[in-house]
Q: 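Handing you this structure, nothing more for now.
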Amino acid sequence: MADTVAGAADYRGQPASRAATGGWKSSAFVMAMEIAERFAYKGVAANLITYLTGPLGQPVARAAASIDAWKGVSQMLPLPLACVADAWIGRYRAIVLASLIFVVSMGALSVSSAFPVFRGGHVAIFYVALYLVALGEGAHKPCAQAFAADQFDEKDPGESVARSSFFNWWYFGMCAGTAVTTMASSYVQDNVGWGLGFGIPCIVIAASLAVFLLGSRSYRYYTTTEASPFCRVGKAFLALIESWTPNRRVSISKGDGESAAVEEVKSVLRLLPIWASCIIYAIIFSQTSTFFTKQAATLDRRIGARFKVPPAALQTFISISIVVFIPVYDRLFVPLARRCTGRPTGITMLQRIGAGLALSLVAVALSALVEMKRLGVARDAGLVNMPKAQLPMSLWWMVPQYVLIGVADVFAMIGLQEFFYDQVPGAARSLGLALFLSIFGVGHLLSSLLISVIDKATAKSGTSWFSNNLNRAHLDYFYWLLTGLCAVELVAFVSFSRVYVYKRKGGNGDGDGDFV
């Protein structure tokens, strides 16, 4: 009898053959789908600040807050939608449905921006389409990554090692797609038109759906007869509360199923301190597609005699640094670290995340220093009251902060993905990745709130930190505030990490006190 994968079925519903299904060949189809999804989502998000402050005429602070709120919703939706996928429709169907939503919403964005028949209706259609993109993102994001990771059997030693490497290469593919779309889409949007700029990602996501469906016969499908994760967690919370009462404690310990559910809830609760101590990192990440882009628009972005780099295209340096550094991390850093620590992955997941948080602290401090330099150049050149004038300061001044953010992501972003996938119960892996995404959802929402509050408070005393005239604004103050908050967050993260106990012994972590 052919070697089969426990708990997995093929497209016919038969036990999945290890040789004929799964592995890198199957995950490649899902990766192609994810790259296209990044192309579509980033085709909207990367340059949205320019569209809102340009054709829609919104103030800078309002536009930045609106974008952060939209991003927050798009990354909070995975929590309920991942539960729906895990418990009812399955990850495969969720990916197909999310892709169809993307096609419809991107098409609507393209039409609304290309043919603004009447202003009120145009804006309404635009925002409805924008939040449909958020819905597609919320359904696609956790399910695609979990479905791709499902193609590696964690019980098989060889496939288990490949799965750890998979998270690196998954993010590599995402960022390669992001690098291309950020440069191409922002150039088309700035120089050709917004209708085509939103239309190209629509075509790409439709083509990638066809590619994803081609791989259907090679996938491993996992089914569960367990209740919805929400129901399981809710019942387990009740059981946990009841177990604290003297009369119930004995009976809970006697019920194996109920006791196991309680243990699952405890394992999720143990993730919350780590979750909370990464929120500021997410807030810092939020600024790359809003204020960073508006700052870049004021700089000298000429390369050669004719080409002028679109402001949003500087975000490409984040993706390029990730694409360059992931192979360095996977092929050089991990083997060297393995020799020192004896761990298959070189360092623990929490050590990896902590390194990323430290790098993000350096990145936002550097951003504050560069903004101080930009404001000084504006004063010295006598351009403080000329917000649309090009400053005599090269775009290359901002490149290091983008690169540092990218390298920080290689450590923190990928580490968080693997941590929340690995440390949740096996039946709720999509939910685990949704918890990871909710870090950025909450971070974006808090960023929106923070910007709105600071804008109103500072506007009362004179000029807002986020004035439409960036030469009179004080984004440097905002970045220094984030630097201080990030330092506090890093201390909290290290404290929580030192006492965290990994779910499984061996591999990435060998028990408590395993951060250093």
Side-chain angles (χ1 to χ4, degrees), residues 164-172 174-175 271 273-288 317-367 400-423 436-437 439-440 443 479 482-502 507-516:
S164 183
S165 182
F166 154 79
F167 283 97
N168 289 330
W169 294 105
W170 173 268
Y171 203 59
F172 179 95
M174 279 177 52
C175 293
L271 302 179
I274 302 298
W275 181 93
S277 57
C278 294
I279 296 295
I280 303 301
Y281 163 68
I283 293 178
I284 293 171
F285 185 79
S286 298
Q287 313 315 315
T288 60
F317 285 104
I318 297 177
S319 302
I320 291 174
S321 63
I322 292 171
V323 168
V324 170
F325 193 71
I326 282 179
V328 174
Y329 181 91
D330 199 56
R331 302 305 182 190
L332 183 61
F333 177 80
V334 170
L336 289 175
R338 187 184 296 136
R339 292 180 182 179
C340 298
T341 65
R343 302 178 188 280
T345 54
I347 57 176
T348 68
M349 290 179 282
L350 291 176
Q351 287 171 338
R352 182 174 187 171
I353 296 166
L357 298 186
L359 285 170
S360 70
L361 171 63
V362 176
V364 73
L366 178 61
S367 302
Q401 67 198 59
Y402 283 103
V403 172
L404 273 174
I405 290 288
V407 177
D409 284 357
V410 172
F411 284 93
M413 189 81 74
I414 302 174
L416 285 166
Q417 288 177 5
E418 185 174 7
F419 180 77
F420 280 91
Y421 178 87
D422 186 79
Q423 295 296 298
F436 151 71
L437 290 172
I439 294 173
F440 296 89
Y479 294 153
L482 293 182
T483 301
L485 293 174
C486 189
V488 174
E489 174 187 71
L490 184 58
V491 172
F493 177 84
V494 172
S495 301
F496 293 138
S497 297
R498 290 179 68 90
V499 297
Y500 181 81
V501 181
Y502 285 90
N508 286 324
D510 295 326
D512 55 337
D514 203 27
F515 181 70
V516 294

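Positions are given from 1 along the sequence. This one's a predicted model, so the numbers in the text were calculated from it and none came from an experiment. The figures here come from the full heavy-atom set of this structure, side chains too, leaving out hydrogens, waters and symmetry mates.
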Q: Would you give the length of the straight line joining atom CZ of Phe419 to atom SG of Cys278, rounded to the nearest 0.5 angstrom?
A: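 Spacing of CZ (Phe419) from SG (Cys278) equals 8.5 Å.
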Q: Measure the spacing between CG of Leu361 and CG of Leu366 and express it to the nearest 0.5 Å.
A: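 Answer rounded to 0.5 Å: 11.5 Å.
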Q: Assess the residue pair Trp170 and Glu418 against the criterion (side chain to side chain contact (heavy atoms under 4.5 Å, CB included)); give the C-alpha distance rounded to whole Å, side-chain angles, the decisive distance to 0.1 Å, and a yes or no.
A: CA-CA 11 Å; Trp170 173 268; Glu418 185 174 7; over 6 Å; no
Q: Donor-acceptor check, side chain of Arg352 to backbone of Val410, threshold 3.5 angstrom: yes or no?
A: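 Judged by distance alone, yes, a pair lies under 3.5 Å.
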Q: Using side-chain heavy atoms (C-beta onward) and a distance below 4.5 Å, is Phe493 in contact with Leu350?
A: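 Yes, their side chains come closer than 4.5 Å.
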Q: Within a strict 4.5 Å, meaning less than it, do heavy atoms of the Phe333 and Phe325 side chains meet?
A: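 In short, these two side chains do not touch, never coming nearer than 4.5 Å.
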Q: Please report the closest heavy-atom contact between Leu490 and Gly354, naming both atoms and the distance.
A: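 Where Leu490 meets Gly354 most closely, the heavy atoms are CD1-O, 3.9 Å.
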Q: Taking the ring of Tyr329 and the ring of Phe411, is the distance between their centroids below 6.0 Å?
A: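 Yes: the rings meet the under 6.0 Å criterion.
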Q: Ring centroid separation for Phe166 and Tyr421, is it under 6.0 angstrom?
A: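 No, they do not, as the ring centres are separated by 6.0 Å or more.
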Q: Do Ile274 and Ser497 come close enough that some side-chain heavy atom pair is under 4.5 Å?
A: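 In contact.
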Q: Taking all heavy atoms of Ala408 and all of Leu359, pick out the closest pair and write down the distance.
A: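 So the minimum-distance heavy-atom pair works out to CB-CB, 3.7 Å.
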Q: Heavy atoms only: give me the nearest Ser321-Tyr402 pair and the separation to one decimal.
A: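 In this case the closest contact between Ser321 and Tyr402 is OG-O, 4.2 Å.
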Q: List the steps, then state whether side chain to side chain contact (heavy atoms under 4.5 Å, CB included) holds for Tyr500 with Met349.
A: CA-CA 11 Å; Tyr500 181 81; Met349 290 179 282; over 6 Å; no
Q: So which heavy atom on Gly443 is nearest to which on Ala282, and how close?
A: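 Minimum heavy-atom separation between Gly443 and Ala282: CA-CB, 3.9 Å.
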Q: Using a 3.5 Å distance criterion without hydrogens, assess whether the side chain of Ser277 forms a donor-acceptor pair with backbone atoms of Glu489.
A: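 No.
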Q: Quick one: does Ile284's side chain get under 4.5 Å of Ile405's, heavy atoms only?
A: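 Counting from C-beta outward, Ile284 and Ile405 do come under 4.5 Å.
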Q: Name the orientation class of the two ring planes belonging to Phe285 and Tyr281 (parallel below 30°, tilted from 30 to 60°, perpendicular beyond 60°).
A: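 Phe285 vs Tyr281 ring planes: tilted.
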Q: Output yes when a side-chain donor or acceptor of Gln287 lies under 3.5 Å from a complementary backbone atom of Ile283, and no otherwise.
A: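 A pair under 3.5 Å: yes.
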Q: Please find the pair of heavy atoms, one from Gln423 and one from Val501, that lie closest to each other, and give the distance.
A: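 It is OE1-O, 4.4 Å.
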Q: Report the C-alpha distance between Ile322 and Ile414 in whole Å, list the side-chain angles of each, state the deciding distance to 0.1 Å, and finish with yes or no for side chain to side chain contact (heavy atoms under 4.5 Å, CB included).
A: CA-CA 11 Å; Ile322 292 171; Ile414 302 174; 5.5 Å; no
Q: Nearest 0.5 Å, what's the CZ-OG distance between Arg331 and Ser165?
A: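 Atom-to-atom, Arg331:CZ and Ser165:OG are 5.5 Å apart.
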Q: Using the side chain to side chain contact (heavy atoms under 4.5 Å, CB included) definition, which of the options Ile353, Asp409, Leu437 pairs with Leu416?
A: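 Answer after filtering Ile353, Asp409, Leu437: Ile353.
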Q: Could you tell me the separation between the CG atom of Asp330 and the OG1 atom of Thr345, rounded to the nearest 0.5 Å?
A: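 Reported value, rounded in 0.5 Å steps: 11.0 Å.
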Q: What is the minimum heavy-atom distance between Ala337 and Ile347, and which atoms define it?
A: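 That would be CB-CG2, 4.3 Å.
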